[in-house]
Amino acid sequence: MTINIILLGPPGAGKGTQARTLVEQRGLVQLSTGDMLRDARSSGTEMGRRVAEVMDKGQLVTDEIVIGLIREKLESGDAPGFIFDGFPRTLPQADALNDLLAGMGQSIDAVIEMRVDDAALVDRISGRFTCGNCGEVYHDTTRPTAAEGTCDVCGSTDLKRRADDNADALKTRLLEYYKKTSPLIGYYYATKQLQPVDGMADVAEVGRQVAAVMDGIGR
Ligand code: ADP
Ligand code: ADP
Ligand code: ZN
């Protein structure tokens with residue numbers, strides 16, 4: 001049986017952090033449109049140049065582009081299941097995802113909503129840095145590297161901060177979230193797929209709540 005889940009929540013809620021645990025522990029495949037778009041921009045293509053400007057301002061990239069990226073990944077092979085991280089972010093994206101999965105005889109098993117206060121998000125975003133080599137997610141105070149400047153997981157010294165992780169872009173990202181993405185909460189509530197978790201808890205506790213949702217799927 002394949003399991004497909006969506007991680008839904010505002011910027012900095014902890015989606016990427018929990019997705020990595022699910023990949024490690026359950027062998028699911030993480031599909032992060034944010035990561036795909038950052039790859040596209042560093043590849044120097046015309047599409048990459050266009051999305052860079054939009055991302056740095058904190059606005060959403062067009063539905064057409066992100067749906068295209070997800071379609072490509074879904075068509076490129078089998079997986080025991082997918083974790084959609086940062087996708088869908090609009091109602092048209094949610095519809096497109098349903099259609100794409102239906103075409104494969106699959107569906108979404110759960111939408112995990114990570115609830116975090118705005119004040120905490122500012123803190124999380126401003127302290128976030130990631131490993132450019134393996135993608136491990138760190139935080140200046142809540143999850144620093146063991147050795148200054150070196151990734152705990154792979155030993156790389158290529159630790160980076162995102163161009164859009166600043167107070168100005170975050171303001172726009174939060175507005176975009178409430179205006180365009182938060183309607184998905186009502187939508188998935190109505191379809192009975194919504195499973196809220198307390199994103200304010202520490203990483204391990206959030207992980208336990210996510211695991212409980214995963215273990216309840218299909219029961
Ligand atoms: P965060 O980790 O803060 O939630 P992401 O890495 O998911 O952010 O996304 C970073 C940026 O990439 C977004 O602010 C937006 O510009 C763009 N983006 C990512 N996913 C989508 C999407 N599904 N639809 C539109 N834009 C997206
Ligand atoms: P998202 O993918 O939703 O934007 P991330 O997983 O990148 O969020 O997390 C944002 C920042 O907050 C990172 O620096 C991460 O280390 C930190 N973080 C994630 N989950 C928690 C948590 N439960 N408590 C405290 N900090 C967290
Ligand atoms: Zn690393």
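Residues take their numbers from the sequence shown, with the count starting at 1. As the structure lists them, so they are numbered: ligands from 1, and atoms in each ligand from 1.
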List the closest protein heavy-atom neighbour of [atom]: residue, atom name, distance to the nearest 0.1 Å.
atom                    : answer
atom 6 (O) of ligand 2  : Thr17 OG1, 2.6 Å
atom 12 (O) of ligand 1 : Met55 CE, 3.3 Å
atom 2 (O) of ligand 2  : Gly16 N, 2.9 Å
atom 20 (N) of ligand 2 : Val203 CG2, 3.7 Å
atom 7 (O) of ligand 2  : Arg128 NH1, 2.6 Å
atom 10 (C) of ligand 1 : Arg162 NH2, 3.4 Å
atom 13 (C) of ligand 1 : Arg89 NH2, 4.2 Å
atom 26 (N) of ligand 2 : Thr142 OG1, 3.4 Å
atom 11 (C) of ligand 2 : Arg124 O, 3.7 Å
atom 8 (O) of ligand 2  : Gly14 N, 3.0 Å
atom 16 (O) of ligand 1 : Gln59 O, 2.6 Å

Backbone, side chain, both or neither: what part of [X] comes under 4.0 angstrom of ligand 1, heavy atoms only?
X      : answer
Val66  : side chain
Lys180 : neither
Val61  : both

Does an N or O anywhere in [X] fall below 3.5 Å from an N or O of ligand 1?
X      : answer
Arg173 : yes
Asp164 : no
Asp85  : no
Pro10  : no

Open item on the list: If hydrophobic clusters are built from ILVMFWY residues whose side chains come within less than 4.5 Å, do Leu69 and Leu101 share one?
Closed with: yes
Open item on the list: Would a single hydrophobic cluster contain both Val54 and Leu174, if residues Ile, Leu, Val, Met, Phe, Trp and Tyr are joined by side-chain heavy-atom contacts under 4.5 Å?
Closed with: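 As far as the 4.5 Å side-chain criterion goes, Val54 and Leu174 are connected within one cluster.
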Identify, by atom number and element, the atoms of ligand 1 in contact range of [X], meaning under 4.0 Å from any of its heavy atoms.
X     : answer
Gly86 : 20 (N), 21 (C), 22 (C), 23 (N)
Thr33 : 19 (C), 20 (N), 21 (C), 22 (C), 23 (N)
Arg38 : 6 (O), 10 (C)
Gln93 : 22 (C), 23 (N), 24 (N), 25 (C)

Distance, nearest 0.5 Å, that separates [atom1] of [X] from [atom2] of [Y]:
X      : Y      : atom1 : atom2 : answer
Leu74  : Met104 : CG    : CE    : 5.0 Å
Ser32  : Arg20  : OG    : CZ    : 11.0 Å
Tyr177 : Leu60  : OH    : CG    : 11.5 Å
Leu31  : Asp85  : CG    : CG    : 9.0 Å
Phe129 : His139 : CZ    : NE2   : 9.0 Å
Met114 : Thr17  : CE    : OG1   : 7.5 Å

TODO: Return yes when Gly9 approaches ligand 2 closer than 4.0 angstrom through a heavy atom, no otherwise.
DONE: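 Outside the 4.0 Å threshold, so no.
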Open item on the list: Evaluate Gly12 for polar contact with ligand 2, using N/O atom pairs at a separation under 3.5 Å.
Closed with: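 Yes; the residue has a nitrogen or oxygen that sits under 3.5 Å from a nitrogen or oxygen of the ligand.
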Task: Pro11 N/O to ligand 2 N/O under 3.5 Å - done: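 Not met; the criterion fails.
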TODO: I would like to know whether Arg173 and Glu176 meet salt bridge (charged side-chain N to carboxylate O under 4.0 Å, His left out); could you show each step before the answer?
DONE: CA-CA 5 Å; Arg173 285 157 70 193; Glu176 291 278 83; over 6 Å; no
Task: side chain to side chain contact (heavy atoms under 4.5 Å, CB included) partner of Phe84, the single match among Thr33, Leu8, Ile108 - done: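 Among Thr33, Leu8, Ile108, the one meeting side chain to side chain contact (heavy atoms under 4.5 Å, CB included) with Phe84 is Ile108.
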Task: Val111 and its side chain to side chain contact (heavy atoms under 4.5 Å, CB included) partner, picked from Ile185, Ile6, Ile5 - done: Ile6
- [ ] Would you mind checking if Arg26 and Asp215 are paired as a salt bridge, meaning a charged N to carboxylate O distance below 4.0 Å?
- [x] yes
- [ ] Could you tell me whether Lys180 and Asp63 make a salt bridge, using a distance below 4.0 angstrom between a side-chain N and a carboxylate O?
- [x]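 No, no charged N to carboxylate O under 4.0 Å.
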- [ ] Would you confirm whether Gln93, through its side chain, and Arg89, through its main-chain N or O, come within 3.5 Å as a donor-acceptor pair?
- [x] yes
Open item on the list: Donor-acceptor check, side chain of Asp152 to backbone of Ala146, threshold 3.5 angstrom: yes or no?
Closed with: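 Yes.
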Open item on the list: Within ligand 2, which atoms have a heavy atom of Tyr138 less than 4.0 Å away?
Closed with: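 That gives atoms 13 (C), 14 (O), 16 (O) of ligand 2.
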Task: Proximal ligand 2 atoms for Lys15, defined as those under 4.0 Å from one of its heavy atoms - done: 1 (P), 2 (O), 3 (O), 4 (O), 6 (O), 8 (O)
Open item on the list: If we set the cut-off at 4.0 Å for heavy atoms, which region of Thr130 has an atom near ligand 2: side chain, backbone, both, or neither?
Closed with: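 Under 4.0 Å from ligand 2, Thr130 contributes no heavy atoms.
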TODO: Indicate, as side chain, backbone, both or neither, the part of Ala201 found under 4.0 angstrom from ligand 2 when only non-hydrogen atoms are considered.
DONE: backbone
Task: With Asp165, the side chain to side chain donor-acceptor pair (under 3.5 Å) member among Arg124, Lys160, Arg128 - done: Arg128
TODO: Check each of Val137, Asp140, Leu8 against atom 15 (C) of ligand 2 and report the one with the nearest heavy atom.
DONE: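 Considering heavy atoms of Val137, Asp140, Leu8, the nearest to atom 15 (C) of ligand 2 sits in Val137.
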Task: Nearest neighbour of atom 27 (C) of ligand 1 from the list Leu37, Leu69, Val51, on a heavy-atom basis - done: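 Looking at heavy atoms only, the winner is Leu37.
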Task: Member of Arg41, Arg49, Arg162 meeting the salt bridge (charged side-chain N to carboxylate O under 4.0 Å, His left out) criterion with Asp56 - done: Arg41
Open item on the list: More than 12 heavy atoms of other residues, nucleotides or ligands under 6.0 Å from OH of Tyr178: yes or no?
Closed with: yes
- [ ] Report yes or no: does Glu176 have a heavy atom closer than 4.0 Å to ligand 1?
- [x] no
